[in-house]
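Naming: A, B, ... by sequence-line order, numbering from 1 per chain.
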There are 4 protein chains.
Amino acid sequence: MVRVGIIGATGYTGMELARILLRHPAVRINYMTSRTWAGKRLGEALPHLGADQDLLLDKFDAGEATEKAEFFFVCLPHGQSMDAVGSLFERGAKVVDLSADFRLSDPSAYESWYGEHRRKGLLRKAVYGLPELNRERIRNSRLVANPGCYPTSVILGLAPLLEKGVIKRKGIIADSKSGVSGAGREPRQNLHFPEVDGNFSAYNIAGKHRHTGEMEQELSRLTGEEIHITFSPHLLPLSRGIFSTIYCLHEGKLDESTLGGLYTGRYAGEPFVRISAPGAPLPSLKDVRGTNLCIVAPRLDGRTGTLVVISCLDNLVKGAAGQAVQNMNLMTGHPETAGLTDLPLLP
Amino acid sequence: MVRVGIIGATGYTGMELARILLRHPAVRINYMTSRTWAGKRLGEALPHLGADQDLLLDKFDAGEATEKAEFFFVCLPHGQSMDAVGSLFERGAKVVDLSADFRLSDPSAYESWYGEHRRKGLLRKAVYGLPELNRERIRNSRLVANPGCYPTSVILGLAPLLEKGVIKRKGIIADSKSGVSGAGREPRQNLHFPEVDGNFSAYNIAGKHRHTGEMEQELSRLTGEEIHITFSPHLLPLSRGIFSTIYCLHEGKLDESTLGGLYTGRYAGEPFVRISAPGAPLPSLKDVRGTNLCIVAPRLDGRTGTLVVISCLDNLVKGAAGQAVQNMNLMTGHPETAGLTDLPLLP
Amino acid sequence: MVRVGIIGATGYTGMELARILLRHPAVRINYMTSRTWAGKRLGEALPHLGADQDLLLDKFDAGEATEKAEFFFVCLPHGQSMDAVGSLFERGAKVVDLSADFRLSDPSAYESWYGEHRRKGLLRKAVYGLPELNRERIRNSRLVANPGCYPTSVILGLAPLLEKGVIKRKGIIADSKSGVSGAGREPRQNLHFPEVDGNFSAYNIAGKHRHTGEMEQELSRLTGEEIHITFSPHLLPLSRGIFSTIYCLHEGKLDESTLGGLYTGRYAGEPFVRISAPGAPLPSLKDVRGTNLCIVAPRLDGRTGTLVVISCLDNLVKGAAGQAVQNMNLMTGHPETAGLTDLPLLP
Amino acid sequence: MVRVGIIGATGYTGMELARILLRHPAVRINYMTSRTWAGKRLGEALPHLGADQDLLLDKFDAGEATEKAEFFFVCLPHGQSMDAVGSLFERGAKVVDLSADFRLSDPSAYESWYGEHRRKGLLRKAVYGLPELNRERIRNSRLVANPGCYPTSVILGLAPLLEKGVIKRKGIIADSKSGVSGAGREPRQNLHFPEVDGNFSAYNIAGKHRHTGEMEQELSRLTGEEIHITFSPHLLPLSRGIFSTIYCLHEGKLDESTLGGLYTGRYAGEPFVRISAPGAPLPSLKDVRGTNLCIVAPRLDGRTGTLVVISCLDNLVKGAAGQAVQNMNLMTGHPETAGLTDLPLLP
């Protein structure tokens with residue numbers, strides 16, 4: 001059994017980790033922290049997990065943490081996470097960080113999008129935790145930076161095209177739509193129920209969203225060239241899910257059947273990527289709700305020569321907690337799918 | 001008082017016309033038809049309009065119709081509408097057709113997207129009813145083809161750029177998200193509440209949606225060149241609203257302030273187009289719900305040189321019934337805003 | 001023209017007042033306050049009303065207020081409202097207070113439900129602003145306490161039965177379901193979108209909700225006996241609407257036809273109460289959305305002898321701002337329906 | 001391994017059974033039928049379960065069914081189900097029927113609520129499948145009538161009170177609110193997304209809903225007296241969940257602490273009933289979504305002497321497919337919780 005700790009357990013990613021890990025066959029949650037609920041029992045803080053859950057929620061203390069557990073999920077806001085991650089890592093623990101703090105390997109990129117980085121030395125030890133790209137490096141790492149929800153959907157949608165070099169590197173557009181849980185559990189005016197219900201909006205468009213840097217870093221790595229992307233996030237009136245519609249232009253000739261083969265080939269054997277090949281029904285968010293799946297549907301608009309790739313996932317699972325557990329499974333030598341076999345809750 | 005008839009009054013566009021026209025200061029609804037509710041009173045068919053609404057719903061009969069009214073809104077499905085429109089027009093009535101039947105001036109375009117056209121002779125008499133483009137022609141017309149909801153949002157979003165020739169004509173993308181009422185009132189498996197609630201999906205992407213032809217016709221007219229567009233419609237889990245995020249590449253130099261000025265200049269004096277200039281808050285669907293407004297927000301992504309234009313409206317008002325009444329006001333010499341002064345229902 | 005002021009203009013009831021009053025034919029809004037937005041223009045604070053709305057939002061000052069306006073709507077939280085109301089009233093203004101501060105005529109009742117009352121002397125000058133019960137007193141009043149949203153629905157649902165003495169006074173139950181806007185615009189954890197979406201819950205049941213006292217006061221007045229009621233509020237995953245299902249036991253014999261007649265008779269001529277008599281379709285919340293209507297549907301369960309009365313309204317209109325304007329119309333000698341003729345936004 | 005068949009696999013209860021049984025450790029689905037999808041693979045009919053699901057969907061044939069499987073879940077509409085159940089039972093299979101056809105043991109009761117019964121002889125062999133009431137009889141039965149979703153919530157909410165005789169048998173009221181999936185997967189006008197979204201309504205109130213008879217049968221059995229209940233079903237704008245607010249009057253003295261103890265005592269050891277005792281947070285529908293739980297919260301309104309009992313569950317799980325699997329576990333000697341350990345999907 002892996003003795004596990006969750007740092008920041010009462011936000012949405014922490015809650016989702018608890019939901020998954022409480023049923024994981026090879027895990028025991030031994031340590032949980034919460035600023036708001038410190039001193040209370042888990043069953044009081046998160047009664048939906050069972051009023052009888054007796055684990056006490058603590059304030060974070062790295063020494064106590066590493067006495068009780070050896071593997072940690074850190075679910076703190078960016079800027080706060082780096083210190084907790086650093087102190088756990090230095091004590092020899094394995095860590096998956098769900099914040100943005102170790103995703104950008106270039107400190108100056110971090111600083112331009114987020115602010116000062118106080119643990120620059122650790123950046124080069126962190127592996128970007130997208131198993132479909134970096135499986136072996138994740139297996140051998142003690143520090144994994146769990147990808148953002150938007151980047152997971154966009155990178156998985158584009159990787160086969162960029163790896164094969166079949167698209168132009170300029171003019172890539174990702175029009176992404178996210179459920180509200182992606183913005184966290186903290187109440188805010190613009191996320192107040194009556195403001196979102198029956199509504200739809202865009203935010204931080206035209207190069208202002210922080211996930212842009214993360215996407216560009218990984219897409220550039222895939223090609224060896226600097227890639228810039230136009231990224232437009234939108235807010236959906238639903239709780240869970242990210243749906244990205246990605247546009248790019250192909251180089252040379254390409255038909256839909258070749259396109260489909262390129263994706264099914266690239267992701268053959270991947271347990272959590274499913275391809276909707278041209279001709280198959282398009283996926284919708286409820287096809288992935290509650291699961292660790294990313295469904296990718298590549299299509300070709302023959303009239304304009306534009307590739308349209310849909311990529312959708314549950315932002316709290318494949319976009320956060322589920323992918324973190326997938327990474328843990330790799331880092332601890334367990335089957336990659338352990339604890340992650342839920343089918344979508346539909347309808 | 002204009003004596004008005006609504007052909008097909010119990011679908012969503014017919015209902016919305018009734019909602020608007022019952023409060024219009026210069027209109028009297030004298031004739032309404034419904035296949036399903038023929039022989040019943042309006043108050044039985046649509047009790048939310050008032051159980052005491054005594055007008056009898058009829059089966060359509062052009063002779064009776066033109067005895068009772070002189071101005072008609074035809075809300076029948078495409079393919080059925082053309083015959084009703086033709087017979088009313090021939091009897092001297094003024095008609096706004098809310099179907100697609102008279103939107104495409106080239107019969108072969110109609111046939112490639114929709115099927116056979118039985119009233120080709122009328123096509124050249126019909127004016128495309130987008131007042132912001134064709135105000136004077138609408139005033140002088142007896143037959144107006146009311147634009148589709150998606151095309152209204154996309155054309156109003158692109159017109160200033162295409163008229164000024166500041167963007168490339170290739171590579172235009174419209175990623176549009178629609179509320180469910182846009183698909184009509186007929187129950188269908190994929191529009192059954194539990195299938196849509198908490199869900200999001202794309203449909204007819206990659207050149208398969210019929211509104212593509214309509215958009216391309218009008219955008220080509222604006223430029224004098226044949227324009228093709230990549231159009232991706234999506235289904236939002238809400239009832240009303242269309243939100244289009246439009247991408248294109250500018251020619252030459254352009255900054256956000258020039259961009260904003262281009263839009264505010266183009267739409268100065270337009271009663272139903274509102275510009276969110278760069279720097280202003282982005283619009284959301286509830287800002288237009290229940291109103292005849294289209295809000296357009298042009299932005300420039302300086303990192304990639306891509307223009308991102310948001311255009312949103314209520315698909316049942318500016319996207320259908322409201323625009324139809326705006327056209328009626330023009331065609332009958334009433335103030336263009338008569339009956340269309342509702343403010344958005346928010347929250 | 002009535003020169004009007006809105007104190008607390010950027011919460012949901014203030015916003016709804018603005019939506020109604022900006023189109024009211026006999027009103028001019030001359031003064032608005034907002035703690036959060038003081039110093040900004042209305043068009044900045046509430047851009048959906050039109051970015052060009054130039055009225056400056058102020059901090060509240062009674063002297064300035066009464067220079068600029070003569071009629072006030074006070075939309076402050078209970079406990080804060082009484083002071084603003086008092087100072088405006090003393091300066092000779094007419095006031096409709098939308099808080100709870102002047103609804104309970106017995107100061108000790110106020111104190112047991114809400115806390116200390118600092119303007120007890122004014123309590124006896126205030127009229128409970130339910131026009132269907134107190135129309136003449138409202139006309140002659142300078143201070144009207146606008147009823148709560150739940151009480152409006154429950155009292156209108158029960159009044160005909162209690163006035164005629166056809167039900168037992170014990171055992172009345174009101175099971176009410178409210179949209180989230182009834183809880184105000186302030187963001188809160190339990191009203192955060194992902195917590196409400198797809199969810200349903202009860203709160204303050206079993207005698208704990210403050211509106212219980214208000215209902216009991218008015219129901220007791222109708223009968224001259226002390227009435228207690230079991231009131232269960234619930235939270236619906238939607239923005240607008242209150243739907244009360246009321247249960248009581250009739251005295252003596254009663255059939256559905258007599259029951260229906262009792263309601264249609266009682267509310268004959270009422271512009272904003274509509275009866276769904278037995279046999280007619282039951283109302284739903286969208287039948288009243290955006291309108292000042294209350295629809296009441298009395299039914300009899302012949303198997304158990306229980307009366308089941310449904311009463312539904314839009315909590316922001318007939319449950320708050322619309323009823324406030326109805327009261328203003330009465331207090332200023334305008335037609336009772338002025339500004340309140342919107343039809344429901346459906347779908 | 002139990003070889004299982006699902007008759008009527010592509011409605012919501014069939015889909016939910018598949019979701020549960022595909023992950024059940026002791027089950028193999030060997031046979032599935034669907035009128036609509038006969039001849040297609042499961043992965044085509046229900047792609048969210050995995051496009052690679054190769055089981056062919058058949059038209060129902062009892063002989064073929066009993067060759068391939070020994071345990072059946074019948075998810076056909078009432079009236080159709082009885083024949084399929086009869087033919088499977090006669091061939092020696094064990095059957096859980098999810099329709100209403102075997103719930104009412106008195107054929108005349110069935111006929112008054114539903115219509116003709118063609119398998120009256122089987123009625124007395126059927127056990128009402130509420131394990132919390134009939135666990136031992138279910139273990140020993142070959143034919144279990146799976147309870148309705150509303151009755152499950154109401155009976156579990158009332159059983160402790162009726163068994164102990166602490167409430168009056170007259171005047172029981174159940175005000176129930178259901179998600180839309182309870183009405184089935186067939187599209188209908190009143191369940192079309194735009195009609196339900198943002199809306200709330202009641203239907204079949206005042207003694208008209210068929211589940212009334214089922215509740216009364218079971219409640220009467222618990223007490224040995226004929227019980228009548230006032231039952232009001234409502235439709236919530238969400239997909240999954242039933243929330244019943246139940247009202248009754250206690251006999252003699254009762255305080256909240258005794259009340260709480262009565263419930264925790266009655267359901268001690270029940271794996272799927274959770275009590276929210278007085279003082280604990282009230283449950284909401286998302287606390288049970290996707291799980292086989294029923295949460296019951298008894299409260300006492302001291303001001304009126306009314307007991308208010310909340311009982312909530314997921315209509316597709318504890319209200320249908322989950323309870324059916326719970327029954328199967330009992331009938332086949334597996335642990336009662338096998339396959340039913342999901343935690344709620346929240347948010």
Show the nearest heavy-atom pair for residues Asp197(D) and Ser239(B), with the distance to one decimal. OD2-OG, 2.7 Å
Chain D contact residues among residues 6-18 of chain B, heavy-atom distance under 4.5 Å: Tyr12(B)
Chain D neighbours within residues 183-196 of chain B, where any heavy atom lies under 4.5 Å away: Gly184(B), Arg185(B), Glu186(B), Pro187(B), Arg188(B), Gln189(B), Leu191(B), His192(B), Phe193(B), Pro194(B), Glu195(B), Val196(B)
Flag yes if more than 12 heavy atoms outside Arg35(B) fall under 6.0 Å of its CZ atom; otherwise flag no. no
When only heavy atoms count and the cut-off is under 4.5 Å, which of residues 36-50 of chain B reach chain D? none
For Ser178(D), what residues pass the side chain to side chain contact (heavy atoms under 4.5 Å, CB included) criterion, not counting sequence neighbours? Tyr150(D), Ile242(D)
